[in-house]
There are 2 protein chains.
Amino acid sequence: MNQKKTARTREDVLPELGEVFREHGFEGASLADITARTGLGKGSLYHFFPGGKEEMAEAVLDHIDHWFETEVYQPLREDEDPRAAITRMLDGTDAYFRSGRRVCLVGVLALNLTRDRFAARLSGYFTRWRDALASALCRLGHRPELAGDLAEEAVVAIQGGLVIARALDDPSAFTRTLERLRVRLLDAG
Amino acid sequence: MNQKKTARTREDVLPELGEVFREHGFEGASLADITARTGLGKGSLYHFFPGGKEEMAEAVLDHIDHWFETEVYQPLREDEDPRAAITRMLDGTDAYFRSGRRVCLVGVLALNLTRDRFAARLSGYFTRWRDALASALCRLGHRPELAGDLAEEAVVAIQGGLVIARALDDPSAFTRTLERLRVRLLDAG
DNA sequence: TGCGCTCTGTACCATTTGGTACACTGCAAT
DNA sequence: ATTGCAGTGTACCAAATGGTACAGAGCGCA
């Protein structure tokens, strides 16, 4: 009934923080942008994240990583039905990126020089995705090196689809990309 | 023998300007970065680009657009040997992006909110690439709608390959992407 | 009631920001 | 030689930057 006006815990600012970094990039995101978006003053912000912007971005990346780990990577690695796990990955990805209307923060941070600050997190995100998908493809019957190549192609396509969808301001470019992947990943099993 | 210490004309600062925007993004690129990289003081900078950062970025985008138009798109549209034109596109793309060590400025600008300032240029760059490639694929014997889809897939893959190569700090992820495209674009003709 | 703690707003800081003003340099045409 | 103008360096500006200090607010608990 009585809903709080502002987010209270460190945890629930993370999504809003993520949106700011998505929209402005790391260097471009000012504390003014951040306080405006989160509703938190500098006081609270530096209370939760004594390390400033850098710690905020790290926390957001950890949060994202955790989501993908449990929702996508683990099923890909462990689900006894790899076909179902891949379908779940595609649907989850479509939902997470809002069918192409939302951009990938990891991709955004990877492009600038800021990449170097978060190098380990950024490369970990993509290599774990690729390896988890390769694992599922292997269990689906693909030969190992072919599975690795196909998995890389899929991760590449997803990132590219987000860039193009945003550049064209046409989310359908992303959903078409996912459809192509659905065919390519599931048909040859 | 006597080489000039600094770039002189508006034209030859454009590559250096482009690098700054690539490395920092639009919002993140400060005038200090720009003067440092180009060797030009604010005086000269604002003499060449009275509109400031925005005009600089527009000039760089025009420059890039012109390069791709003459080196890639026109051959794709007009070369009587579409197979050769596609090979030229792949080789030119590999060279332009330094085999994955360089990032695509158009892609970088597309991801942030700054996209809106340059919306027409950004979408034009990708749509013209896709349509030119689709034209070559048609002449190679593909059915028109299939050619359009394949062309979109290629443009998506190139952008994605750049993101992944940069995130992993592994340019070979980009060259592998180009190899996959070489097969897929040229084999089914 | 009063203690202790997390959380928050505000005032403040030095530095940097994008941008302007302007006086100067050098050279090309007269 | 003089003029004119493209190109340049420097000083300057108000505003915004990331970050700090600190005095409180609110609340759980004794």
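Every chain is numbered from 1 and lettered A, B, ... according to where its sequence line falls, protein lines coming before strand lines.
- A:Thr177 and A:Arg180 form a side-chain donor-acceptor contact under 3.5 Å, judged by distance and modelled atom types alone.
- The nucleotide whose nearest atom lies closest to any side-chain atom of A:Lys42 is, among D:dT8, C:dG18, C:dC12, C:dC12.
- To the nearest angstrom, P of D:dT17 lies 15 Å from CZ of A:Phe26.
- Of the possible polar contacts, one joining the B:Thr38 side chain to the B:Ile34 backbone as a donor-acceptor pair under 3.5 Å is found.
- Put simply, A:Ser30 has a side-chain N or O that comes within less than 4.0 Å of OP1 or OP2 on D:dT17.
- Evaluation of the ring pair (Phe, Tyr, Trp, His ring centres under 6.0 Å) test over residues 83-113 of chain A, restricted to residues two or more places apart or in two chains, returns A:Trp67-A:Tyr96, A:Phe68-A:Tyr96.
- With salt bridges taken as basic N to acidic carboxylate O contacts below 4.0 Å, one links A:Glu179 and A:Arg182.
- Residue B:Glu27 contributes atom CD, which lies 16 Å from atom C1' of D:dG18 at whole-angstrom precision.
- The listed nucleotides are D:dT20, D:dT8, C:dC7; the one nearest the side chain of B:Ser44 is D:dT8.
- Listed nucleotides D:dT8, C:dG18, C:dT8 differ in distance to B:Leu40; the shortest reach to its side chain belongs to D:dT8.
- Look at NE2 on B:His24: it is 11 Å from P on C:dG18, rounded to the nearest Å.
- Between the CG atom of A:Leu45 and the C1' atom of C:dT6 there is a distance of 15 Å, given to the nearest Å.
- Remark: C1' of C:dC7 and CD of A:Glu11 are 17 Å apart, rounded to the nearest angstrom.
- Counting to the nearest Å, the P atom of C:dT20 and the CZ atom of B:Phe49 are 15 Å from each other.
- Among residues two or more places apart in sequence or in another chain, the salt bridge (Lys or Arg N to Asp or Glu O under 4.0 Å) test is passed with B:Arg22 by B:Glu19.
- Position along DNA chain D of the nearest nucleotide to B:Gly41 versus A:Tyr46 favours B:Gly41 as the more 5'-ward residue.
- B:Glu54 places its CD atom 19 Å from the P atom of C:dT17, with the value rounded to the nearest Å.
- Residue A:His47 places at least one side-chain N or O under 4.0 Å from the OP1 or OP2 atom of C:dC7.
- The separation between A:Glu55 atom CD and D:dG19 atom P is 11 Å, rounded to whole Å.
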